[in-house]
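Reading through the structure tokens given below for one structure.
As the structure is a prediction and not an experimental result, all values here were calculated from the model. Throughout, numbering of the chain's residues begins at 1 and tracks the sequence.
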Amino acid sequence: MAAPGSAIKHTFSSLVKQKPPKTSPTKSRGTMAVSMKEVDPVFQAAGQKDGLEIWRIEKLQVVPVPKESHGKFFTGDSYVILKTTALKNGSFRHDIHYWLGKNTSQDEAGTAAIKTVELDAALGGRAVQYREVQGNETEKFLSYFKPCIIPEEGGVASGFRHTEVNEREHQTRLFVCRGKHTVHVKEVPFARSSLNHDDIFILDTKSKIFQFNGSNSSIQERAKALEVVQYLKDTNHDGKCEVAAVEDGKLMADADAGEFWALFGGFAPLPRKPFSELNGKDSASTSKLLCVNKGQTAPIDSEILTRELLDSTKCYLLDCGSEIYAWMGRETTLEERKRAGSAAEELLREGNRSRSHIIRLMEGFETVIFRSKFDKWPKKADAVVSDESRGKVAALLKRQGFNFKSPAKAAPVKQEPQPQIDCTGNLQVWRVNGSEKTFLSFSEQCKFYSGDCYIFQYTYPGENGDECLIGTWFGKKSVQEERSAATSLADKMIESLKFQAVLVRVYEGKEPIEFFPIFQNLVIYKGGTSTGYKKFISEKGIEDDTYSESGVALFRVQGSGPENMQAIQVDTAASSLNSSYCYILHDGDTVFTWIGNLSSSMDQELAERQLDVIKPNLQSRLLKEGSEYDQFWKLLGVKSEYSSQKIVRDQESDPHLFACTFSKGVLKVREIFNFTQDDLMTEDIFILDCRSCVFVWVGQRVDTKIRAQALNIGEKFLELDILMENVSRETPLYVITEGSEPQYFTRFFTWDFAKSAMHGNSFERRLSIVKDGVKPRADKPKRRPTTSAHTGRSSVPDKSQRSRSMSFSPDRVRVRGRSPAFNALAANFENPNARNLSTPPPVVRKQLPKSVSPDSSKPPPRTASIAAISASLERPKATLIPKSIKANPEANKPQTEASKPKPETNAKEINPTNDNPAATPTVQEDVKESQAEGEEGLLVYPYDRLRTSSTNPATDIDVTRRETYLSSTEFRERFGMTKEAFAKLPKWKQNRLKIALQLF
């Protein structure tokens, strides 16, 4: 480092004249070298946790800035800013900025540039470095200090200059604000000549803040400027002062306008904006690539920029007009890298382009924007490259004698987010046939075919009233005509609901995490039944492989639990097996259950449950991997190798928000960094990309023609692959209208539903907040029940029919809302057959009087006293729909059959004789513990202890008959019918109800 008082040329120029550090004779290539003997001690622990770290250059030394002063900058100083971001993959991303005040000295600016390189070395040479000049900061930099930064005059003492900042009385100041999404604030002279028609101005007086809106400014710019007004109000006036908005063109007729113009000595015509400012940032028509050789630049002659043009042994400049990128190959020397930085600055000076930015990049750590300038930039393995580069940098720095500490990694992030959707709603499903849709009955709505397209409507209780999700599901083999028909039909349903529903487009194999819990138990068969699919295979002469119960079929079973399980039909071949899953193979009535060696006990339980759906009432032969019968392999053809790795679905990545403009079929996006809910403007469309799914958010004030293109905009976004992640065009795509945001969208924000329920444009909403000092009361009416105009059915049962709890805990009771017609007809079904022999055997239990064997096909006869008790409990109710009961303080204790009005009497009636002396003490002991026997001689437990996800499960029960331990009252409340009516249902329908209640 240069001694105090020595002149250092601005930024990188000083580095060129310094001698490189002495190294070992072995030439070290491919890593970042620095010009200091050791890393400054102040940087040793930098970048170890998520957040901001700021240092100021004081007397040519780096001094940390306390957190309470973050965002406060002085025009006479230079700063180094480090933004550390913890990523979902467990690594850190580092962005380094060095900010130069307009009055900073060259020695301070040069020191900031050097310290930036030094900090990068401490972080492993992986950071992207930005040069920030006061008044022309990057949007990424400004996003750290929302809503804005307003540098103060003055600075700390330096080697050449000393500026003092004196406390003073409030002074009237005039600021100009520019920016639709990120606000650039600049103080201008308090004079009428500073005003114009194109910008927004804020006049901060002692008692009142005025916002002057130029007639040519947009609503979004005006709304963003109000955030600056709020900042000034809180910072300079302790939140207590008047706020007035003055519209350009309103003269003395408006009181606020009259007061505003009086401060300028009266109204007068405004001057035109200078031509240089109208042009905005410098721009170039095309990007130019230049090679740096010994400090001199030479253009690369190529019509198309490709990655192959960049040589790892050289440095290059990519001149994009508003930005100049200095790309440094990993095998370049320190001297070559310093000259590249100096050449970039010289390029700015020659073109008088003070508004352009310089961004320095190391090979292997290029930004998305830089890579997007090239044609087909190859995809890199981020984790591998990062770890490899980190190791190379650490090794080189240690060989050179530097004190290098390997950067820590971020804490690992949860593997999979939980579905943020209530699963107690009402589901309706249609299959698309040609250009029409056919409603599916309850028994068929969870059976899909890969050759078909489906539309589903799911209505469920949300945080702000009932919410509705309408989606399309496209099978892998479905035809394009029916996909288009499904999209059109879903659009009409959304329109009929006044755009209050969320639309989602789903492809088979790319389902979002909210999809499967809605269906709970889904079976996907090969082939198809729609008219479009049948016509297609007939015309193409393709063999129809549609599933047949009497044929040979292989199913892979997957899922996370009874409320989220699927059976997917796969090719009947050994190569379809996977050691991490369980499979069901059947040839007519011959059924095998194959257990992979790497499958879990839950996987095996799900396979047993799926047997009751695919092949009820049939005995299955259990086969563990490695002990298969010859008949098993014969059905699969021949033995062959198969995978043992779990099928990996697209993982959710760090979210990115983009503002969109769509005109004449061309989509343009602009990323919003460090976004918040306030960045969503009601006049615009935004896209939230989290890789595993993409959300298109449509503001209420978006033009109707553009609104109709929302799904198309999302598809264009996937096609462009903005983040260059090789994203699939079949990624789940949501379209969300402002005011109908579901929790699986709002979880990416700190969300306030009152804001999205406000009326008016963005400026009017923000103005009411700034003026009133508090958020206005949301007067949005409750969402009306969404009645389908296509079926005549109400898709939202009455409130009394189900719980309105919005807890998304795994312990949550999941009860599917049923229509009254379903429950009315349920009692008329035939008697169930014998228990499915494929279900697990009952667990060993204590002997209880009058217990029933789980294998019995008929319930035991009941005594007259038990029948009398049951009759008193089974009085008819007005509602037969299952509903959730709120948690009871006594829920952790078993309840008696008659809610314990007379426990002694109940005990006597349930056990009228004492013929079995061994059983008597057991019953007496149970009674003392408030445990009573049910009508079949079984103990009665509350529902919360019987469900599969209970945190306090009942022990010594037959897990295959959990429902029998419910009291008659609670059974009726949960199932919406009596035990007798339930017993008359078919076995498969019993299982469906038990699955929905987590009793299967």
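- Residues I685 and V696 are in side-chain contact: their nearest non-hydrogen atoms beyond the backbone lie under 4.5 Å apart.
- You'll find the side chain of V432 reaches within 4.5 Å of the side chain of I455, heavy atoms only.
- The minimum heavy-atom distance between R131 and L348, with the atom names listed, is NH1-CD1, 3.9 Å.
- Classification of R222 and E683 as a salt-bridged pair fails, no side-chain N sitting under 4.0 Å from a carboxylate O.
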*Let me see the working for L305 and L309 under side-chain contact (heavy atoms from CB on, under 4.5 Å), right down to the final yes or no.*
CA-CA 7 Å; L305 295 180; L309 295 174; 4.2 Å; yes
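- The heavy-atom pair separating V183 from C177 by the smallest distance is CG1-CB, 3.9 Å.
- Test K140, H357, H97 against E132 for side-chain hydrogen bond (donor to acceptor under 3.5 Å, both in side chains) and you get one pass: H97.
- Applying the side chain to side chain donor-acceptor pair (under 3.5 Å) test to pairs two or more places apart or on separate chains, none has a residue in residues 698-707.
- With 3.5 Å as the limit, one finds no donor-acceptor pair spanning the side chains of N433 and E436.
- At a cut-off of 3.5 Å, with distance as the only test, a side-chain donor of E508 or S450 sits close to an acceptor on the other residue.
- Summarising the local packing, CD of E725 is surrounded by more than 12 heavy atoms from other residues, nucleotides or ligands at distances under 6.0 Å.
- S740 contributes no side-chain N or O that, together with a main-chain N or O of I736, makes up a donor-acceptor pair within less than 3.5 Å.
- The shortest distance between side-chain heavy atoms of I300 and L290 does not fall below 4.5 Å.
- Side-chain contact between Y460 and P742: present, with at least one pair of heavy atoms (C-beta onward) separated by less than 4.5 Å.
- Under a cut-off of 6.0 angstrom, the local environment of CG in L720 is crowded, with over 12 non-hydrogen atoms contributed by other residues, nucleotides or ligands.
- Distance check, rounded to the nearest 0.5 Å: OG1 of T459 to CG of L427 gives 9.0 Å.
- Screening residues 648-682 for ring pair (Phe, Tyr, Trp, His ring centres under 6.0 Å), with sequence neighbours left out, gives F658-F717, F675-F749.
- The minimum heavy-atom distance between E514 and Q420, with the atom names listed, is OE2-N, 3.9 Å.
- In this structure, the side chains of K510 and T731 stay at 4.5 Å or more apart for every pair of heavy atoms.
- Shown here are the salt bridge (charged side-chain N to carboxylate O under 4.0 Å, His left out) partners of E715, two or more places apart in sequence or in another chain: R505.
- Distance alone, capped at 3.5 Å, is enough to place a donor-acceptor pair between the N761 side chain and the E764 backbone.
- Remark: the backbone N or O of K186 is not paired with any side-chain donor or acceptor of R178 at under 3.5 angstrom.
- Defined by atom type and a distance below 3.5 Å, a donor-acceptor pair is present between the side-chain atoms of D248 and H197.
- Across every non-hydrogen atom of V368 and I722, the tightest pair is CG1-O, 3.3 Å.
- Ring-plane geometry between F92 and H94 is classed as tilted, the angle between the planes lying from 30 to 60 degrees on a 0 to 90 degree scale.
- Salt-bridge check for R729 with D721: failed, with every basic side-chain N at 4.0 Å or more from each acidic carboxylate O.
- Residues satisfying the side chain to side chain contact (heavy atoms under 4.5 Å, CB included) criterion with C693, sequence neighbours excluded, are C690, F695, P732, Y734.
- Under 4.0 Å is where a charged nitrogen must lie from a carboxylate oxygen, and between D654 and K88 no such pair does.
- For the pair Y458 (side chain) and G425 (backbone), a donor-acceptor distance under 3.5 Å is present.
- A donor-acceptor pair is defined here as one N or O able to donate and one able to accept, closer than 3.5 Å; such a pair exists between the side chain of S756 and the backbone of F753.
- Summarising the geometry of T472 relative to A486, their closest heavy-atom pair is CG2-O, 3.6 Å, with the distance given to 0.1 Å.
- Looking only at side-chain heavy atoms (C-beta outward), E741 and W697 come within less than 4.5 Å of each other.
- Residues H184 and E137 meet the side-chain proximity criterion, which asks for heavy atoms closer than 4.5 Å.
- A donor-acceptor pair under 3.5 Å is absent between the side-chain atoms of E730 and the main chain of S728, judged by distance alone.
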*Determine, step by step, whether R431 and D452 satisfy the salt bridge (charged side-chain N to carboxylate O under 4.0 Å, His left out) criterion, reporting the C-alpha distance in whole Å, the side-chain angles of both residues, the deciding distance to 0.1 Å, and the verdict.*
CA-CA 7 Å; R431 179 186 295 117; D452 294 342; 3.3 Å; yes
*asked:* One pair to check against side-chain contact (heavy atoms from CB on, under 4.5 Å): D678 and R765. What are the steps and the verdict?
replied: CA-CA 11 Å; D678 291 334; R765 297 181 188 185; over 6 Å; no
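- With sequence neighbours left out, S484 forms a side chain to side chain contact (heavy atoms under 4.5 Å, CB included) with Q480.
- Using a cut-off of 4.0 Å between Lys/Arg side-chain N and Asp/Glu carboxylate O, K492 and E495 are scored as not salt-bridged.
- Within a 6.0 Å radius of NZ in K477, other residues, nucleotides and ligands contribute 12 heavy atoms or fewer.
- Under a 4.0 Å N-O distance rule, the pair K83/D95 does not qualify as a salt bridge.
- Within the 3.5 Å criterion, the main-chain N or O of G364 finds a donor-acceptor partner in the side chain of E366.
- More than 12 heavy atoms of other residues, nucleotides or ligands shown are found within 6.0 angstrom of CD on E719.
- A salt bridge links D679 with K146: the distance from a Lys NZ or Arg NE/NH1/NH2 to an Asp or Glu carboxylate oxygen falls below 4.0 Å.
- Between the side chain of R371 and the backbone N or O of F374 there is no donor-acceptor pair closer than 3.5 Å.
- Taking the six-membered ring where the residue is Trp, the centroids of Y454 and F448 are separated by under 6.0 Å.
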*Carefully, step by step, assess S530 and E482 under the rule side-chain contact (heavy atoms from CB on, under 4.5 Å).*
CA-CA 9 Å; S530 67; E482 290 188 335; 2.8 Å; yes
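- A donor-acceptor pair under 3.5 Å is formed between the side chain of S356 and the backbone N or O of G321.
- Contact detail for Y533 and G528: the closest heavy-atom pair is CE2-N, 3.3 Å.
- At least one side-chain heavy atom of M758 sits less than 4.5 Å from a side-chain heavy atom of S768.
- Annotation: W473 is not in aromatic contact with F456 [ring centroid separation under 6.0 Å not met].
- Side chain of N196 to backbone of D199: a donor-acceptor contact under 3.5 angstrom is found.
- Looking only at atom types and distance, the side chain of D684 has a donor-acceptor partner in the side chain of Q220 under 3.5 Å away.
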*Decide yes or no on side-chain contact (heavy atoms from CB on, under 4.5 Å) for R93 and R126, but give the supporting numbers first.*
CA-CA 8 Å; R93 183 185 68 230; R126 303 182 303 127; over 6 Å; no
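- A search for side chain to side chain contact (heavy atoms under 4.5 Å, CB included) contacts involving I647 returns R556, Y581, not counting sequence neighbours.
- Summarising the geometry, atom CD1 belonging to I200 is positioned 5.5 Å from atom CD belonging to E221; distances are rounded to the nearest 0.5 Å.
- Between F515 and F519, the angle of the ring planes lies from 30° to 60°, which puts this pair in the tilted group.
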